[in-house]
Engineer: 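First the structure, which I've put down as structure tokens, then a few questions once you've had a look.
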Amino acid sequence: MSQQEPTSNFIRNIIEDDLEQGRRDAVVTRFPPEPNGYLHIGHAKSICLNFGLAEDFKGRCHLRFDDTNPVKEEDEYVEAIKDDLRWLGFDWGEHLYFASNYFEQLYQYAEKLIEKGKAYVCSLPPEKIRELRGTLTEPGQESPYRERSIEENLDLFRKMREGEFADGEHVLRAKIDMASGNLNMRDPVLYRILHAAHHRTGDSWCIYPMYDFAHGQSDSIEGVTHSICTLEFADHRPLYDWLVQELEIFAPQQIEFARLNLSYTVMSKRKLLQLVTEKRVSGWDDPRMPTLVGMRRRGYPPEAIRDFCDRIGVGKADSRIDLSVLEDTVREQLNESAPRRQAVLDPLKVIITNLPQDEIECSAANHPQKPELGKRSLPLTREIVIERSDFMEDPPKKFFRLGPGREVRLRNGCIIRCDEVEKNETGEVIALHCSCDPETFGANPKDGRKIKGTIHWVSATRGAQVPVRLYDRLFCDENPDKLEDFHQGINPESLQEITAWVEPQLLKAEAGEAFQFERVGYFTADGNDSTPGSPVFNRTVTLRDTWAKVQNK
RNA sequence: UGGGGCGUCGCCAAGUGGUAAGGCACCGGAUUUUGAUUCCGGCAUUCGCAGGUUCGAACCCUGCCGCCCCAGCCA
């Protein structure tokens, strides 16, 4: 992968400047997922950014679960997220944290705020709070409970903690400015009552801090210097800074960047969850999903995803990256690492009428550009199958494949000529009768004739048939998010299940192993459905196909 | 109409007053027992628009235009 200097971005510039000016003497970042769902490629951008920055500036990056909402979070997700992170290749070392570990500290911070007269218990019902918040253009109105005494606030807040009230009865609010143009500053709710068991703290608490009262303080407690988040939190920064200042604690700097959007896919957890619950896909790890588990199952190497995150850059402009960028990184990675094999997706029988022996052992390189990866043998028999699309009865001049009377090279084998086309009653071509030139195994024709085309094949008697899933983009609309209903953009042909012919070697494929099926694409043995001796292949990505491009003109 | 953010090639993105990096895509052409890979070459006289400052502006100033986000006791 690219060893050159990472391209600069505004966050790097800020950090470099902070270091040079002496505002900071170390770099501490963090990746703060909420354990309420699976990670997707958008999270990968944030992960690569945070861990990458820490690595480049010789600092550290924490993994902190932002678990302040017990009704949505589960331990199962914590483990899944850790697993994804490790798979991507990142290591948080000893720095695994949970916002819930700070609940007591956070509570003390809240009392401090009350004591400073900067927070109060508000007993308005939710609807009333919303009503008094005002609108985008009109200022809000102050809560009638805003001027409660410090003593009363403290007493009420302590009783909230003790469980003396029901959910929603009271709330702790910051006392800031109901007329602020920034809605987040209109006395935001800091704590709410929630009689719910938390995945880590169990029933110890019945009041839980809101995001705004947990995130910045958690950053502060951990000594995070640069708290990097997405653009929609920019409006929260004044509150983040206000809390840090009023609490008189270490001040991290929040920096916002634009979240990732990928063409032909949706990224919101809500929509992804919908795809799963509505059974439009087989699960969070369906190979068509933009989730990390899905991409892993599809066969995308983690290196490719990291390379992708490097290539797309970091900025503040809304953008949508073309899927081809991701596919390119996947191909680049797999081209290097995947052993080559032969497989036929859509078979057409070929009978080699004059093959000198029943079976000939052909030697094939596992990777033509890397002889060190060795060779394997490939059985060539009188009956083989080739790709239907490699034959045309009435081919155009530039078709370098098989046609009546035409010659073509069998990859890793010899040259054959199509002598006869066999059809059934309906006129469908069912087999080709060909003759071979036995002199051309591993050699060019003696008479100097040039054979332009090479096609792949599989022995019809020695090859095997295995299930293959051809995946395509989940959406045919470039930006499903802007559709009235994103379901309208779903690609009805995103999955095609077929039975393909593969060379004998492929039966030994192990779950997760990736291959290039020559001239077709990269395929990975499915991690869930493959069993020893009977792999199931997922098409990870096709090969570039300039011939298809020419044809479409 | 309040607050915040953004506008550099089809899609991303460097650039921070000295005369437009790079990647993807696209278009040639060479090599090739994968129409793959690899390799060469092409691809913004111009930076949302209009003025201004300057010897000189994508970068500074002014004014417009357009797009995104915010009214959860979600994160």
Side-chain angles (χ1 to χ4, degrees), chain A residues 2 4 7-9 13 32-34 36 66-69 71-73 122 124-126 129-131 133-140 167-173 179-186 188-194 208 210-212 214-215 229-238 256 258 263 269 310-329 331-332 335-336 340 342 364-365 368-369 398-401 409-415 440 442-444 451-456 516-521 542-550:
Chain A
S2 55
Q4 65 266 62
T7 54
S8 86
N9 61 55
N13 295 344
E34 182 187 12
N36 72 340
D66 228 336
D67 55 352
T68 55
N69 186 354
V71 306
K72 287 185 168 182
E73 297 144 6
C122 180
L124 250 22
I129 288 184
R130 194 180 317 126
E131 194 185 316
R133 188 153 31 223
T135 68
L136 293 180
T137 51
E138 300 156 23
D167 288 6
E169 242 181 281
H170 304 283
V171 97
L172 183 72
R173 292 228 256 169
S180 172
N182 183 342
L183 304 203
N184 294 118
M185 299 300 269
R186 321 241 263 225
V189 171
L190 267 20
Y191 264 92
R192 76 286 217 188
I193 299 170
L194 237 36
Y208 293 91
M210 297 288 290
Y211 164 85
D212 287 306
H215 201 97
C229 61
T230 44
L231 247 28
E232 64 270 27
F233 290 100
D235 287 339
H236 293 247
R237 183 162 18 99
E256 312 86 18
S263 64
K269 271 185 191 172
D310 285 344
R311 289 193 198 185
I312 60 177
V314 179
K316 300 185 75 159
D318 291 325
S319 64
R320 186 169 53 253
I321 309 290
D322 198 282
L323 231 205
S324 68
V325 179
L326 214 207
E327 291 184 337
D328 186 67
T329 63
R331 287 193 188 102
E332 185 175 300
N335 177 46
E336 281 296 306
R340 266 97 250 234
Q342 288 187 182
Q369 279 79 42
K398 299 287 274 291
F399 188 76
F400 307 141
R401 305 176 188 181
R409 173 176 286 283
L410 292 179
R411 175 78 171 155
N412 296 124
C414 60
I415 291 169
T440 56
N444 286 320
I451 280 37
K452 184 84 172 131
T454 297
I455 64 172
H456 56 98
Q516 183 197 95
F517 289 180
E518 287 190 299
R519 302 211 311 136
V520 180
T542 61
L543 246 33
R544 279 202 186 80
D545 190 351
T546 53
W547 168 244
K549 215 178 281 174
V550 169

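This is a predicted model, so every value here is computed, not measured.
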Engineer: Whole-Å distance between B/A14 P and A/Asp310 CG?
Structural biologist: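 After rounding, the reported distance stands at 13 Å.
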Engineer: What's A/Val71 touching, base or sugar-phosphate or nothing? Going by heavy atoms closer than 4.0 Å.
Structural biologist: nothing
Engineer: Would you mind classifying the nucleic acid contact of A/Arg340 as base, sugar-phosphate or nothing, using non-hydrogen atoms under 4.0 angstrom?
Structural biologist: base
Engineer: Classify the nucleic acid contact of A/Gly442 as base, sugar-phosphate or nothing, counting any heavy atom under 4.0 Å across all strands shown.
Structural biologist: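 Base: the residue A/Gly442, judged by heavy atoms under 4.0 Å, touches a nucleobase.
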Engineer: Applying a 4.0 Å non-hydrogen cut-off, can you work out what A/Ala443 is touching in the nucleic acid: base, sugar-phosphate, or nothing?
Structural biologist: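 Result for A/Ala443 = base.
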Engineer: Give me the atom names and distance for the closest heavy-atom approach of A/Thr542 to A/Arg331.
Structural biologist: O-NE, 2.8 Å
Engineer: For A/Asn184 and A/Asp235, which heavy atoms make the closest approach, and how far apart are they?
Structural biologist: OD1-O, 3.1 Å
Engineer: For A/Gly140, which contact category applies under a 4.0 Å heavy-atom criterion: base, sugar-phosphate, or nothing?
Structural biologist: nothing
Engineer: Ignoring hydrogens, what is the shortest heavy-atom contact between A/His236 and A/Asp212? Give both atom names and the distance.
Structural biologist: ND1-OD1, 2.8 Å
Engineer: Return the pairing partner of B/U33 with a 3.5 Å limit on both distances, Watson-Crick or G-U wobble; otherwise return none.
Structural biologist: none
Engineer: On RNA chain B, nearest-nucleotide positions of A/Asp328 versus A/Asp545: which is more 5'?
Structural biologist: A/Asp328
Engineer: May I ask you to say what A/Glu327 touches in the nucleic acid, namely base, sugar-phosphate or nothing, with a heavy-atom cut-off under 4.0 Å?
Structural biologist: nothing
Engineer: Now, which nucleotide makes the Watson-Crick or G-U wobble pair with B/C73, with each of the two distances under 3.5 Å?
Structural biologist: none
Engineer: Does this structure show an ion pair linking A/Asp328 with A/Arg311, if we count only N-O contacts that are shorter than 4.0 Å?
Structural biologist: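 The answer is yes: the pair qualifies as a salt bridge.
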Engineer: With rounding to the closest Å, how many angstrom separate the C1' atoms on B/A58 and B/U16?
Structural biologist: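 To the nearest whole Å, 10 Å.
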Engineer: Roughly how far apart, to the nearest Å, are B/U8 and B/A13 at atom C1'?
Structural biologist: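 Those two atoms are separated by 9 Å.
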Engineer: For B/C60 and B/U53, measure between their C1' atoms and round to the nearest Å.
Structural biologist: 8 Å
Engineer: Is there a donor and acceptor pair closer than 3.5 Å between the side chain of A/Glu138 and the base of B/U1?
Structural biologist: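 In this structure, the two groups form no donor-acceptor pair.
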Engineer: Check this one for me: any side-chain N or O of A/Thr546 less than 4.0 Å away from OP1 or OP2 of B/A36?
Structural biologist: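 Answer yes for this pair, as a side-chain N or O of A/Thr546 is under 4.0 Å from OP1 or OP2.
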Engineer: Regarding B/U33, can its base be found pairing with the side chain of A/Arg409 as donor and acceptor, where the two atoms are less than 3.5 Å apart?
Structural biologist: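 In this structure, the two groups form a donor-acceptor pair.
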Engineer: Between A/Val189 and A/Val171, what is the shortest heavy-atom contact and its length?
Structural biologist: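 Shortest heavy-atom separation between A/Val189 and A/Val171 comes out as CG1-CG2, 3.4 Å.
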Engineer: Going 5' to 3' through nucleotides 69-75 of chain B, assign each nucleotide B (protein heavy atom under 4.0 Å from a base atom), S (under 4.0 Å only from sugar-phosphate atoms) or - (no protein heavy atom that close).
Structural biologist: BBBSBBB
Engineer: Atom CZ of A/Arg320 and atom C1' of B/C6: how far apart are they, to the nearest Å?
Structural biologist: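 The answer, rounded to whole Å, is 16 Å.
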Engineer: Given that both distances must come in under 3.5 Å, which nucleotide forms a Watson-Crick or G-U wobble pair with B/G41?
Structural biologist: B/C27
Engineer: C1' atom, B/U31 versus B/U38: distance in rounded Å?
Structural biologist: 8 Å
Engineer: Quick one: side chain to side chain donor-acceptor pair (under 3.5 Å) partners of A/Glu232, sequence neighbours excluded?
Structural biologist: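 A/Thr230, A/Arg259.
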Engineer: Is there a side-chain hydrogen bond (donor to acceptor under 3.5 Å, both in side chains) between A/Asn182 and A/Ser180? Walk through the geometry before answering.
Structural biologist: CA-CA 5 Å; A/Asn182 183 342; A/Ser180 172; 5.5 Å; no
Engineer: B/U37 and B/A30: how far apart are their C1' atoms, nearest whole angstrom?
Structural biologist: 14 Å
Engineer: Just compare B/U37, B/A25, B/G35 and give me whichever is closest to any side-chain atom of A/Gln369.
Structural biologist: B/U37
Engineer: Using a heavy-atom cut-off of under 4.0 Å over every strand shown, decide if A/Pro368 touches base, sugar-phosphate, or nothing.
Structural biologist: base
Engineer: Taking the basic N atoms (NZ, or NE/NH1/NH2) and the acidic carboxylate oxygens, is any pair closer than 4.0 Å for A/Glu256 and A/Arg237?
Structural biologist: yes
Engineer: Does B/G29 adopt a syn or an anti glycosidic conformation, taking syn as a chi angle within 90° of 0?
Structural biologist: anti
Engineer: Tell which nucleotide pairs with B/G63, taking only Watson-Crick or G-U wobble pairs whose two distances are both under 3.5 angstrom.
Structural biologist: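 Base partner found: B/C49.
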Engineer: Using a cut-off of 4.0 Å on non-hydrogen atoms, how would the nucleic acid contact of A/Phe399 be classed: base, sugar-phosphate, or nothing?
Structural biologist: base
Engineer: I'd like the C1' distance from B/C9 over to B/G17, given in whole Å.
Structural biologist: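 Each nucleotide's C1' atom is 24 Å from the other's.
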Engineer: Please evaluate the base of B/G22 for a donor-acceptor partner in the side chain of A/Arg311 within a cut-off of under 3.5 Å?
Structural biologist: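 Flag unset: no donor-acceptor pair detected.
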Engineer: Please name the pair of heavy atoms, one in A/Glu73 and one in A/Asp66, separated by the smallest distance, quoted to 0.1 Å.
Structural biologist: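 Scanning both residues completely, I find the closest heavy atoms to be OE2-O, 3.5 Å.
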Engineer: Select from A/Arg237 and A/Ala258 the residue whose nearest nucleotide in RNA chain B is closer to the 5' end of that strand.
Structural biologist: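 Result: A/Arg237.
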Engineer: If I pick the C1' atom on B/U19 and the same atom on B/U34, what distance separates them, to the nearest angstrom?
Structural biologist: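 These two C1' atoms come out 46 Å apart once rounded.
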Engineer: Could you work out the separation of B/C47 and B/G35 based on their P atoms and round it to a whole Å?
Structural biologist: 44 Å
Engineer: So, using salt bridge (Lys or Arg N to Asp or Glu O under 4.0 Å) as the criterion, who are the partners of A/Arg411 when residues are at least two apart?
Structural biologist: A/Glu518
Engineer: Which nucleotide, B/G23, B/U34, B/G7, lies nearest any side-chain atom of A/Ala317?
Structural biologist: B/G7
Engineer: Can you tell me the distance, in whole Å, between the CG atom of A/Leu410 and the P atom of B/U34?
Structural biologist: 13 Å
Engineer: Out of B/A14, B/U32, B/A25, which nucleotide sits closest to the side chain of A/Lys452?
Structural biologist: B/U32
Engineer: Specify the separation, in whole Å, of atom CG of A/Asp318 and atom P of B/C6.
Structural biologist: 10 Å
Engineer: Would you mind reading off the distance between A/Ile312 atom CD1 and B/A14 atom P, rounded to a whole angstrom?
Structural biologist: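 Rounded to the whole Å, the gap is 11 Å.
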